[in-house]
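We count ligands from 1, going down the list as the structure has it; atoms in each ligand are counted the same way.
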Amino acid sequence: MCLFLDVLSLLLIFPVLMAPTPASMCTPLKTLSDNLSHRRRYMVRHNFPINYTIRVHQKEIFKLSNIRRMRLNVEGLDDLVLQRLWFQINQGVLKKIIRIMPERHPSRSYTAELERRFKDAEGVFVQSQPPEALQQELPQTVQDIWDRLTEEPDLVPESSWRFAFPKSLLDNLFHTMYCLFSECFSSEDAQQDYCEVSHWRKGRKKDLQPES
Ligand SMILES: *[C@@H]1O[C@H](CO)[C@@H](O)[C@H](O)[C@H]1NC(C)=O
Ligand SMILES: *[C@@H]1O[C@H](CO)[C@@H](O)[C@H](O)[C@H]1NC(C)=O
């Protein structure tokens, strides 16, 4: 454990791969995080048929393990690219969750608020970056994912669709947000590695009630 902490603190002293997250991002992301902390209540109990799943693109199942794999395998990948991808993926995910809810579904207004908060964060993100940064060419692997996500649904091959629980899609959104914007969520005395899958496994409680 001590060794682990040492390695962690080294990583924190030399944050080589991390582009700094503009501080202005933190307010909308923390609001989104507050709202996401209620996701269990709205996404599971009573509100859906048992085992209800949503059809999403394979690439829309975007988890910590995907981020880790990409960081290992994709050349020229910085956090800004991953953050852009995160916004692109999750706006589609939220849209798909809302789309299956009739107007009077008990989770509809919750999910609509999530989407609104998400768009607020995206707006701040776009404004906080110099325009060149957002037009920067993406590494090929990321560009491929991007193209798949924006393909006409009719053209997406059957094999690229997956079925996912609404709750687990929001779990992914939540966990990857903490990983990619960790500077907004680490408290000074307790630095956490939110990109570690084990962090979330151990801290189930935190998962529900994140510290702000
Ligand atoms: C979302 O978060 C804001 C700020 O913390 C809060 O005022 C609002 O009630 C929350 N909404 C939901 C649905 O959790
Ligand atoms: C729901 O899924 C679980 C786990 O896959 C399965 O054991 C259970 O039988 C399913 N329930 C229904 C009603 O289909």
Side-chain angles (χ1 to χ4, degrees), residues 21-66 83 86-128 158-190 192 194 197 199-212:
T21 302
S24 54
M25 282 301 296
C26 293
T27 308
L29 287 176
K30 280 181 176 163
T31 304
L32 187 61
S33 163
D34 282 351
N35 291 170
L36 279 165
S37 64
H38 305 304
R39 66 195 181 281
R40 181 182 295 270
R41 186 188 329 152
Y42 288 100
M43 290 299 141
V44 181
R45 283 212 340 240
H46 314 312
N47 293 1
F48 294 98
I50 296 173
N51 290 351
Y52 187 83
T53 55
I54 296 178
R55 194 179 76 150
V56 295
H57 197 284
Q58 168 195 3
K59 303 293 181 196
E60 286 175 323
I61 301 184
F62 184 67
K63 308 194 226 190
L64 293 174
S65 53
N66 298 94
Q83 289 167 348
W86 183 84
F87 277 111
Q88 178 67 24
I89 288 174
N90 285 297
Q91 54 134 323
V93 165
L94 288 170
K95 206 176 285 170
K96 283 184 174 137
I97 298 178
I98 289 180
R99 199 182 295 151
I100 51 102
M101 294 174 177
E103 207 60 52
R104 299 173 62 181
H105 189 282
S107 304
R108 169 111 186 180
S109 67
Y110 170 76
T111 315
E113 178 167 353
L114 277 188
E115 193 189 33
R116 208 159 51 238
R117 304 286 187 177
F118 180 86
K119 285 198 175 131
D120 290 347
E122 189 171 28
V124 175
F125 177 69
V126 169
Q127 279 170 16
S128 67
E158 204 54 45
S159 61
S160 295
W161 294 113
R162 296 286 180 275
F163 288 89
F165 297 115
K167 160 80 167 39
S168 61
L169 292 168
L170 292 187
D171 286 346
N172 294 344
L173 190 165
F174 185 76
H175 295 162
T176 51
M177 172 174 74
Y178 270 67
C179 168
L180 294 178
F181 300 93
S182 59
E183 287 151 88
C184 293
F185 298 105
S186 307
S187 56
E188 273 161 36
D189 46 305
Q192 308 274 5
Y194 295 113
V197 179
H199 169 85
W200 297 100
R201 292 234 172 92
K202 264 186 301 188
R204 285 277 155 150
K205 260 197 202 136
K206 252 195 211 100
D207 184 338
L208 293 171
Q209 306 244 280
E211 54 208 358
S212 54

Does the separation of the ring centres of F48 and H105 fall below 6.0 angstrom? yes
Answer yes or no: does an N/O atom from R117 fall short of 3.5 Å to an N/O atom of ligand 1? no
Identity and distance of the protein heavy atom lying nearest atom 2 (O) of ligand 2: N51 ND2, 2.2 Å
Without swapping roles, check the side chain of R55 against the backbone of F163 for a donor-acceptor pair under 3.5 Å. no
When you check the gap from the basic side-chain N to the acidic O, do R116 and D120 get nearer than 4.0 Å? no
Residue selection (non-hydrogen contact nearest atom 3 (C) of ligand 1) among D34, L114, T27, N35: N35
Y110 N/O to ligand 1 N/O under 3.5 Å: no
Given the protein's heavy atoms, is any one of them under 4.0 Å from atom 5 (O) of ligand 2? no
So, Y178 versus S33: side-chain donor-acceptor pair below 3.5 Å or not? yes
Students should be able to answer this: which protein heavy-atom is nearest to atom 9 (O) of ligand 1, and at what distance? E113 OE2, 4.4 Å
Per-atom contact, atom 12 (C) of ligand 2, protein heavy atoms, under 4.0 angstrom: yes
Excluding sequence neighbours, so at least two apart, what forms ring pair (Phe, Tyr, Trp, His ring centres under 6.0 Å) with F125? F87
Hey, which atoms in ligand 1 end up nearer than 4.0 Å to a heavy atom of H38? 14 (O)
Pair K96 + E60, salt bridge at N-O below 4.0 Å: yes
